[in-house]
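Okay, so here's the structure we're looking at.
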Amino acid sequence: MSIALPVRILPHGEGLALPAYQTADSAGLDLVAAVEAEMVLQPGERALVPTGLAIALPSGYEAQIRPRSGLAFKHGLTVLNSPGTVDADYRGEVKVLMINLGQEPFAVKRGERIAQMVVAPVTQIAWQPVADLDETARGAGGFGSTGTATGTAGT
Ligand SMILES: O=c1ccn([C@H]2C[C@H](O)[C@@H](COP(=O)(O)OP(=O)(O)OP(=O)(O)O)O2)c(=O)[nH]1
Ligand SMILES: [Mg+2]
């Protein structure tokens, strides 16, 4: 499925390639850093990285900002608020909240692919207050209630 996405290239994003799907069935488009030169993140440091883009998602959609696994694995560089949420009515610049969880400084360079954006449909709810909820086999069990061993349930 594909939808048209209006995008505005901001002045500091000019000259950069638009984010692209790297393979035919990629879920995310790699976002590129629209930093002036380099932005160095020290170990433990976080920063908002500009993408130079503003978008107009259709109502009923969101964009999720997610880490790239390679940067996370190799450098400990990840998205602090992952998945970041871009609301359909947001018209400001899409930014990436990066944090360096690695042990070395990491220099984010202009044009580098630092995170990925996944556009997804959104379901909004309407609260329906009730006195009791329907019963289920799980009930209130959670947070490890089923253990970790391979179970025989259902077999
Ligand atoms: O990774 C992100 C997360 C958010 N945003 C932008 C788009 C989003 O629509 C807006 C608000 O994000 P969110 O609701 O997560 O932040 P908030 O702290 O609740 O701010 P607000 O009070 O503006 O909703 O900020 C980004 O550009 N990147
Ligand atoms: Mg909010």
Side-chain angles (χ1 to χ4, degrees), residues 1-131 133-134 138 140-145:
M1 177 181 152
S2 168
I3 60 168
L5 183 61
V7 59
R8 206 160 71 84
I9 299 169
L10 305 174
H12 56 280
E14 271 169 30
L16 294 174
L18 271 178
Y21 296 105
Q22 300 297 309
T23 67
D25 283 328
S26 289
L29 307 113
D30 284 347
L31 295 170
V32 296
V35 290
E36 297 238 331
E38 267 191 6
M39 179 187 271
V40 177
L41 286 180
Q42 298 298 330
E45 194 180 359
R46 63 182 185 269
L48 271 179
V49 180
T51 64
L53 302 174
I55 60 177
L57 287 161
S59 178
Y61 289 87
E62 63 158 336
Q64 301 168 5
I65 311 298
R66 304 186 188 173
R68 292 189 66 203
S69 58
L71 287 177
F73 178 55
K74 290 180 198 152
H75 303 286
L77 201 76
T78 190
V79 176
L80 179 57
N81 58 331
S82 180
T85 305
V86 179
D87 301 286
D89 52 4
Y90 178 70
R91 296 293 176 270
E93 179 176 14
V94 174
K95 292 185 180 171
V96 181
L97 180 46
M98 308 270 351
I99 184 162
N100 181 359
L101 298 180
Q103 269 140 34
E104 305 294 330
F106 186 92
V108 175
K109 297 184 181 68
R110 182 171 177 83
E112 193 170 3
R113 293 186 276 126
I114 41 138
Q116 57 187 319
M117 181 176 89
V118 175
V119 175
V122 165
T123 303
Q124 282 194 343
I125 59 102
W127 292 113
Q128 184 190 3
V130 294
L133 301 172
D134 66 316
R138 171 180 288 276
F143 309 98
S145 69

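All values reported here derive from a predicted model rather than from experimental measurement. Counting starts at 1 for both ligands and their atoms, following the listed order.
- Residue R46 qualifies as open at atom CZ: its count of foreign heavy atoms under 6.0 Å is 12 or below.
- The contact shell of ligand 1, taken as protein residues with any non-hydrogen atom closer than 4.0 angstrom, comprises I65, N81, G84, T85, V86, D87, Y90, E93, V94, K95.
- R8 CZ: 12 or fewer foreign heavy atoms inside a 6.0 Å radius.
- Applying the side-chain hydrogen bond (donor to acceptor under 3.5 Å, both in side chains) criterion to Q64, with sequence neighbours excluded, gives E62, R66.
- A 6.0 Å sphere centred on OH of Y21 holds more than 12 heavy atoms belonging to other residues, nucleotides or ligands.
- Of the inter-residue distances, the one linking R68 atom CZ with F73 atom CZ reads 14.5 Å to the nearest 0.5 angstrom.
- Within a 6.0 Å radius of CD in E104, no more than 12 heavy atoms belonging to other residues, nucleotides or ligands are found.
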